Amino acid sequence: MKLSEIAQHLGAELIGNADLEITGVASIETATPDKVTFLANEKYARFLADSKAGAVIAKQRHDASERSFLIHPDPYYSFARCLRLFYELPQASLPAGKAASAAVAADANIAASAHVGEFVQVGSGTTVGDESRIMTNSVVGRNCKLGKNCLIYPNVTIYDDTIIGDNVTIHAGAVVGSDGYGYAQHQGVHYKVLQVGRVRIEDDVEIGANVTIDRAALGETVVGAGTKIDNLVQIAHNVQIGKGSLLVSQSGVSGSTRLGDYVVLAGQAGLVGHINIGDRVIVAAQSGVTNDVEPDKVVGGSPARDIRDWKKLEAHLSRLPDRMKELKSLRHQIEDLTERIARLEQDNN
């Protein structure tokens with residue numbers, strides 16, 4: 001593909017050789033003259049001098065060489081779009097129709113354009129929308145609804161009554177709709193509380209590998225439109241997640257907690273149950289949130305506090321051994337002075 005065609009597709013300004021033939025996308029370090037790369041973070045600009053890339057997607061031109069540039073205000077977004085020009089989407093190779101080994105209930109409603117792969121099970125009363133793809137060994141329970149253009153990777157389990165919107169991707173090993181963790185203790189015995197609600201996944205959500213999302217005890221567990229969930233995340237029963245949120249690997253949200261829109265949970269962040277996290281809150285990695293957080297706050301630590309306070313506390317903790325040595329030295333000095341004063345007073349008397 002000519003560089004001019006790529007520029008037109010991306011809406012980028014082309015500086016350099018419009019007729020340059022590009023065969024793919026590569027990193028700055030590994031790119032060859034027939035590849036395009038990108039520069040989204042200025043700290044990597046130092047690698048450009050040695051890069052053999054034929055063209056670079058960037059905010060601005062970085063050198064006076066003959067290398068071509070595609071200038072765009074958002075290079076990373078442009079890179080993401082450029083990838084789609086050269087690499088096929090995973091679902092593109094999955095033909096419409098049901099595999100012979102698939103077990104589909106007689107009253108399930110599967111769109112003619114959908115793909116149901118080998119050894120897939122689809123329960124009674126379930127509907128699967130146009131262009132959706134369900135890959136090998138996945139299970140979709142009874143009375144579920146999958147919207148249009150969904151991609152369900154192998155070995156995904158979707159329990160009964162789950163509602164999934166359009167353009168949803170669920171990666172291998174994820175479990176959606178498993179029982180919430182609820183027990184009533186009576187006379188020393190943990191008595192299971194039936195979880196009779198459901199999970200609802202809104203449009204344009206992506207769910208990573210081995211994520212678990214529990215069904216509600218009553219009502220719904222909800223993942224809002226456009227939210228992206230990394231691998232190995234746990235979402236408990238009756239959690240409500242707003243739109244456009246990002247949950248990074250190994251983070252966990254306890255039952256009945258509410259997350260606003262565009263919340264970010266960094267890796268291994270944990271939230272207790274029954275709290276409210278405001279819109280656009282960012283929780284730092286390995287933080288433990290135990291109370292409500294107001295919108296637009298950045299918090300860190302365990303228990304989580306304002307990020308500035310947490311950084312100050314961490315700075316003081318790192319110097320604590322030195323401070324203890326100083327304190328010990330001061331204590332000895334005080335004891336010595338106290339003894340001298342006592343002797344002086346005794347001599348004066």
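For reference, positions follow the sequence shown, starting with 1. This structure is a prediction, so every number in the text was calculated from the model and none was measured.
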Margin query: Looking at E202 and R200, is any side-chain nitrogen of the basic one under 4.0 Å from a carboxylate oxygen of the acidic one?
Written below: yes
Margin query: Determine whether D322 and L320 satisfy the following criterion, side-chain contact (heavy atoms from CB on, under 4.5 Å), listing intermediate values before the conclusion.
Written below: CA-CA 5 Å; D322 291 335; L320 188 58; over 6 Å; no
Note to self: Quick one: does any side-chain atom of S287 pair with a main-chain N or O of A269 as donor and acceptor, under 3.5 Å?
What the structure shows: no
Item checked: Heavy-atom side-chain proximity of K59 to P75 below 4.5 angstrom -> yes
Could you give the side-chain donor-acceptor pairs of residues 104-119 under 3.5 Å, partners two or more places apart or in another chain?
{"residue": "D107", "atom": "OD1", "partner": "S124", "partner atom": "OG", "Å": "2.9"}
{"residue": "D107", "atom": "OD1", "partner": "G125", "partner atom": "N", "Å": "3.2"}
{"residue": "D107", "atom": "OD2", "partner": "S124", "partner atom": "OG", "Å": "2.7"}
{"residue": "S113", "atom": "OG", "partner": "E131", "partner atom": "N", "Å": "2.9"}
{"residue": "H115", "atom": "ND1", "partner": "P95", "partner atom": "O", "Å": "2.7"}
{"residue": "E118", "atom": "OE1", "partner": "S101", "partner atom": "OG", "Å": "2.3"}

Note to self: Under a plain distance cut-off of 3.5 Å, with no hydrogens placed, do S27 and T30 share a side-chain donor-acceptor pair?
What the structure shows: yes
Item checked: Check: D204/N167 side-chain N/O donor and acceptor closer than 3.5 Å -> yes
Next item on the list: Could you tell me whether a side-chain N or O of S251 sits under 3.5 Å from a main-chain N or O of G267, the two making a donor and an acceptor?
Entry: no
Margin query: Rounded at 0.5 Å granularity, tell me how far CG in L14 sits from OG in S4.
Written below: 7.0 Å
Note to self: Could you check whether any side-chain heavy atom of K145 comes within less than 4.5 Å of a side-chain heavy atom of I164, counting everything from C-beta outward?
What the structure shows: no
Check: Between V205, T227, V264, which is the residue that forms a side chain to side chain contact (heavy atoms under 4.5 Å, CB included) with S245?
Finding: T227
Checklist line | Test side-chain contact (heavy atoms from CB on, under 4.5 Å) applied to V289 and I277, step by step | finding: CA-CA 9 Å; V289 184; I277 308 299; 3.9 Å; yes
Check: Does CD belonging to Q8 count more than 12 external heavy atoms closer than 6.0 Å?
Finding: no
Check: Can R340 and D336 be counted as an ion pair, charged N to O under 4.0 angstrom?
Finding: yes
Next item on the list: Kindly indicate, with the supporting measurements, whether the criterion side-chain contact (heavy atoms from CB on, under 4.5 Å) is fulfilled by I235 and I229.
Entry: CA-CA 10 Å; I235 299 171; I229 301 173; 3.6 Å; yes
Notebook entry, point to check: Should Q286 and S302 count as side-chain neighbours, where that means a heavy-atom distance under 4.5 Å?
Noted result: no
Checklist line | H274 side, atom NE2; N238 side, atom CG - distance, nearest 0.5 Å | finding: 8.0 Å
Check: Taking it one step at a time, do V36 and C82 satisfy side-chain contact (heavy atoms from CB on, under 4.5 Å)?
Finding: CA-CA 9 Å; V36 63; C82 190; 3.8 Å; yes
Next item on the list: Drop me the distance from Q60's CD to F69's CZ, to the nearest 0.5 angstrom.
Entry: 9.0 Å
Notebook entry, point to check: Measuring from L39:CG to L70:CG, what's the distance to the nearest 0.5 Å?
Noted result: 12.5 Å
Margin query: Any side-chain to backbone donor/acceptor pair from D292 onto N276? Under 3.5 Å, distance only.
Written below: yes
Item checked: Within 6.0 Å of OH in Y76, more than 12 heavy atoms from elsewhere -> no
Next item on the list: Say whether, by atom type as modelled, one donor and one acceptor occur between the side chain of S249 and the main chain of V233 under 3.5 angstrom.
Entry: no
Margin query: Return the CG to OG1 distance between L151 and T169, rounded to the nearest 0.5 Å.
Written below: 5.0 Å
Notebook entry, point to check: With D34, which residues qualify under side-chain hydrogen bond (donor to acceptor under 3.5 Å, both in side chains), at least two apart?
Noted result: T23, T32
Margin query: I'd like to check Y159 versus I213 (side-chain heavy atoms, cut-off strictly below 4.5 Å). Are they in contact?
Written below: no
Notebook entry, point to check: E220 and R198: salt bridge (charged side-chain N to carboxylate O under 4.0 Å, His left out), yes or no, with the steps?
Noted result: CA-CA 5 Å; E220 293 183 325; R198 67 182 184 187; 2.7 Å; yes
Notebook entry, point to check: ring pair (Phe, Tyr, Trp, His ring centres under 6.0 Å) between H171 and Y153: does it pass, once the steps are laid out?
Noted result: CA-CA 5 Å; H171 288 272; Y153 277 88; 4.6 Å; yes
Margin query: I'd like to know if K148 and D166 make a salt bridge, using a cut-off of under 4.0 Å between side-chain N and carboxylate O.
Written below: no
Notebook entry, point to check: Are Q234 and T212 linked by a side-chain donor-acceptor pair shorter than 3.5 Å?
Noted result: yes
Check: So do I158 and I170 actually touch side chain to side chain, heavy atoms under 4.5 Å?
Finding: yes
Margin query: Pairing donors with acceptors under 3.5 angstrom, does anything connect the side chains of S329 and Q333?
Written below: yes
Notebook entry, point to check: Once you round to the nearest 0.5 Å, how far does CG of D179 lie from CG of L194?
Noted result: 8.0 Å
Notebook entry, point to check: Is the closest side-chain heavy-atom distance between V298 and R308 below 4.5 Å?
Noted result: no
Note to self: If hydrophobic clusters are built from ILVMFWY residues whose side chains come within less than 4.5 Å, do I282 and I275 share one?
What the structure shows: no
Next item on the list: State whether the number of non-hydrogen atoms from other residues, nucleotides or ligands found under 6.0 Å of R305 atom CZ is greater than 12.
Entry: yes
Using atom types as modelled, flag every donor-acceptor pair under 3.5 Å from a side chain in residues 45-54 to any protein atom, sequence neighbours excluded.
{"residue": "R46", "atom": "NH1", "partner": "K43", "partner atom": "O", "Å": "2.4"}
{"residue": "S51", "atom": "OG", "partner": "I28", "partner atom": "O", "Å": "2.9"}
{"residue": "S51", "atom": "OG", "partner": "A53", "partner atom": "N", "Å": "3.2"}

Check: Okay, side chain of T157, backbone of V176: is any donor-acceptor separation there less than 3.5 Å?
Finding: no
Margin query: Please verify the inter-ring angle class for F79 with F38; under 30° counts as parallel, over 60° as perpendicular, anything in between as tilted.
Written below: parallel
Next item on the list: Give the intermediate values and the outcome of salt bridge (charged side-chain N to carboxylate O under 4.0 Å, His left out) for residues E5 and K2.
Entry: CA-CA 5 Å; E5 297 177 78; K2 291 187 182 299; over 6 Å; no
Notebook entry, point to check: Taking everything shown except Q185 itself, do over 12 heavy atoms lie less than 6.0 Å from its CD?
Noted result: yes
Checklist line | Donor-acceptor under 3.5 Å (D261 side chain, K243 main chain) | finding: yes
Check: With under 30° as parallel and over 60° as perpendicular, where do the rings of Y77 and H72 fit, or are they tilted in between?
Finding: tilted
Notebook entry, point to check: Any side-chain heavy atom of L246 within less than 4.5 Å of one from L265?
Noted result: no
Next item on the list: Kindly check if the number of other-residue, nucleotide or ligand heavy atoms within 6.0 Å of NZ (K328) is above 12?
Entry: no
Check: Does N231 reach the side chain of N210, with side-chain heavy atoms less than 4.5 Å apart?
Finding: no
Notebook entry, point to check: Does R215 use its side chain to pair, donor to acceptor, with the backbone of G197 at less than 3.5 Å?
Noted result: yes
Item checked: Heavy-atom neighbours of R319 CZ exceed 12 at 6.0 Å -> yes
Next item on the list: Determine, for E314 against K311, whether the closest basic-nitrogen to carboxylate-oxygen distance falls under 4.0 angstrom.
Entry: no
Checklist line | Side-chain donor or acceptor of S254 paired with backbone N/O of L271 under 3.5 Å | finding: yes
Item checked: D214 side chain to S178 side chain, donor-acceptor N/O pair below 3.5 angstrom -> yes
Next item on the list: Could you tell me whether the side chain of D160 and the main chain of C144 form a donor-acceptor pair under 3.5 Å?
Entry: no
Check: For R142, does the CZ atom sit with more than 12 other heavy atoms under 6.0 Å from it, leaving out its own atoms?
Finding: no
Checklist line | Neighbour count >12 (heavy atoms, 6.0 Å) for atom NZ, K228 | finding: yes
